[in-house]
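It should be emphasised that the depicted structure is a prediction, and the values quoted were computed from it without experimental measurement. In this chain, numbering begins with 1 at the start of the sequence shown.
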Amino acid sequence: MTNGTTRLDGDAERLRRWRLVLGGDQADGTGVTLTGRDAAMDGTLTALYGRGDKAGRSTAGRERSAGLGGSAPSVARWLGDIRTYFPSSVVQVMQRDAIDRLGLAALLLEPEMLEAVEADVHLVGTLLSLNKAMPETTKETARAVVRKVVEDLEKRLATRTRATLTGALDRSARVSRPRHHDIDWNRTIAANLKHYLPEYRTIVPERLIGYGRAAQSVKKEVILCIDQSGSMAASVVYASVFGAVLASMRSISTRMVVFDTSVVDLTDQLDDPVDVLFGTQLGGGTDINRALAYCQSKITRPAETVVVLISDLYEGGIRDEMLKRVAAMKASGVQFVTLLALSDEGAPAYDREHAAALAALGAPAFACTPDLFPEVMAAAIEKRPLPIPDTA
C-alpha cells in the first residue's frame with residue numbers, strides 16, 4: 001500500500017510539473033488544476049511566456065493572452081514575484097527572456113526597475129548597451145547594479161588569477177645562478193641525476209635551476225584588445241574585470257583597448273572596472289585591423305608581450321592586412337591569443353574563415369570560460385601550448 005501511495009504521489013508531482021511547463025491549454029493533457037502557490041507561479045510564467053506562444057517566439061504584432069503590461073511598476077512587481085518562486089539561476093534566465101521577448105529594455109532606464117532586478121553579467125551587458133540613452137536619474141542606480149556584479153566577479157576570479165599568473169611569471173623567469181631560496185629543487189635534481197654518487201647516496205648539483213624574482217619589476221606586457229560589438233557584451237564585462245586584476249599585479253604591465261570601427265584605449269581607467277565598462281559603447285561595426293594596428297604600435301618588448309584579441313572575428317576592415325599584422329607580431333616574438341568569447345556560454349556565431357586563417361598562423365581561435373582564462377594566460381606567459389578546450 002505504501003509503494004502504491006508513493007507511486008501515485010510521484011505521478012501527481014510529474015503531472016503538476018508538466019502542467020506548469022505546458023501552460024494549461026486544453027490540449028496539454030494533464031487535467032491538473034493549480035491552486036495557491038502553484039497558481040501564482042503559473043501566473044508569473046504565463047505573464048512572460050503566454051499561452052499561445054508555443055514556438056517560444058516573440059508575440060510582437062499580435063495580441064497576447066497575458067503579459068507584463070507596459071509600466072515599470074507592473075514589471076517590478078513581476079520581478080519580485082519570480083524571485084519569490086524561483087531560484088536565482090532561473091530568475092536570471094526569465095529576466096533575459098523578458099527583455100528579449102517583450103522589448104522591456106527601455107524600462108531598465110527607470111530606477112525602480114533596476115532596484116528590482118537580479119543583477120548578473122547579462123543584465124550588465126544590457127545596461128551598457130543602453131548607456132547613451134540612460135537619463136541622469138538612472139545612472140547612479142545603474143552604476144550600483146554594475147558595481148555589485150563586478151565586485152562579485154572579482155571575489156570569484158581575482159585570487160586564483162593572481163596565484164596562477166604569479167607562478168607562471170616565476171617559472172618564465174628561471175635563472176641559472178639562483179640564490180639558495182630561489183632554487184627550483186625538483187628541476188635541479190632532475191637535471192643532475194647523472195651526477196648521483198652511490199657511495200655517498202647523494203647528487204652533486206653541478207647545474208642549479210631557479211626562479212627569478214618576478215615581482216621586483218615588470219616582466220610581461222599584456223594587451224587586451226576587445227571587440228565591443230553588441231554580441232560581445234558578456235565578454236566585455238569579464239575582460240574588464242580581468243583587466244583590473246592584471247593591472248593590480250606589479251610584474252605585469254596591462255593595456256586595455258576596446259574597439260568597434262574606432263579604437264579607445266581605457267588603460268587609464270583600469271583601477272576601476274566599472275569606469276572601464278561605462279567607457280565602452282556596445283554595438284556598432286567592427287574594424288579588427290585598425291584595433292590591432294593600434295596595439296602593435298604600443299609594443300616595445302615583443303618577446304615579453306602577450307596580445308589577447310577577444311572577438312567573434314566578423315571583420316569590417318581590411319582582412320588581409322589584419323592577418324599580415326598578426327603574422328608580423330608573432331614573427332617578432334609576441335604571444336598572440338585569439339578568444340572568440342570570454343564567457344560561460346561557449347563560442348558565439350563567429351567568422352569561421354577568419355578563425356581558420358588565424359589558426360594557420362599559429363593563433364587558433366577558441367571560446368574561453370572565465371575559469372579557464374588564468375590558465376590560458378599562464379600558458380601564454382610561459383610560451384607553452386595553450387589549454388584549448390576540446391569543444392573549441
Rounded to the nearest 0.5 Å, what separation is found between the CD1 atom of I299 and the OG1 atom of T305?
-> 5.5 Å
Take L45 and M94 through the side-chain contact (heavy atoms from CB on, under 4.5 Å) test and state the conclusion after the steps.
-> CA-CA 9 Å; L45 292 168; M94 293 179 74; 3.7 Å; yes
SB check E375 R160 (cutoff 4.0 Å) | yes
Residue pair L323 / L358, side-chain heavy-atom distance below 4.5 Å = yes
Residues R143 and D275 bridged, charged N to O under 4.0 Å = yes
Side-chain contact test, heavy atoms from C-beta onward, threshold under 4.5 Å: evaluate it for I226 versus M232 and give yes or no.
-> no
Minimum side-chain heavy-atom gap F373-L339 below 4.5 Å | yes
Rounded to the nearest 0.5 Å, how far does CZ of R37 lie from CG of D42?
-> 13.5 Å
Are L342 and V308 close enough that some pair of their side-chain heavy atoms sits under 4.5 Å apart?
-> no
Hey, does V264 have a side-chain heavy atom less than 4.5 Å from the side chain of F259?
-> no
Do side-chain atoms of T166 reach the backbone of A163 as a donor and acceptor pair under 3.5 angstrom?
-> no
More than 12 heavy atoms of other residues, nucleotides or ligands under 6.0 Å from NZ of K148: is that the case?
-> no
Determine whether V150 and S240 make a side-chain contact, defined as any pair of heavy atoms from C-beta on separated by less than 4.5 Å.
-> no
Are the side chains of L292 and K324 in touch, meaning some heavy atoms are under 4.5 Å apart?
-> no
Considering residues, nucleotides and ligands other than I318, do more than 12 of their heavy atoms fall under 6.0 Å from its CD1?
-> no
Going by heavy atoms in the side chains, are Y294 and C225 under 4.5 Å from each other?
-> no
What's the verdict on side-chain contact (heavy atoms from CB on, under 4.5 Å) for S343 and V121, showing C-alpha distance, side-chain angles and the deciding distance?
-> CA-CA 9 Å; S343 71; V121 169; over 6 Å; no
Donor-acceptor side-chain pairing of S262 and D260 below 3.5 angstrom = yes
Heavy atoms of V145 and A119 approach each other most closely as CG1-CB, 3.8 Å
Check whether the side chains of D371 and T369 place a donor and an acceptor atom closer than 3.5 Å, and report yes or no.
-> no
Donor-acceptor under 3.5 Å (Y350 side chain, Y314 main chain) = no
Distance only, no hydrogens: is a donor on one side chain within 3.5 Å (strictly under) of an acceptor on the other, for D344 and Y238?
-> yes
Step through the shown structure and confirm whether more than 12 heavy atoms of other residues, nucleotides or ligands are within 6.0 Å of CZ on R255.
-> yes
Going from CG on N289 to CZ on R325, what distance comes out if it is rounded to the nearest 0.5 angstrom?
-> 4.5 Å
Please assess Q228 against L128 for the test side-chain contact (heavy atoms from CB on, under 4.5 Å), listing each intermediate value before the final yes or no.
-> CA-CA 10 Å; Q228 61 176 352; L128 296 178; over 6 Å; no
Is T126 reaching over with its side chain to a backbone N or O of H122, donor-acceptor style, under 3.5 angstrom?
-> yes
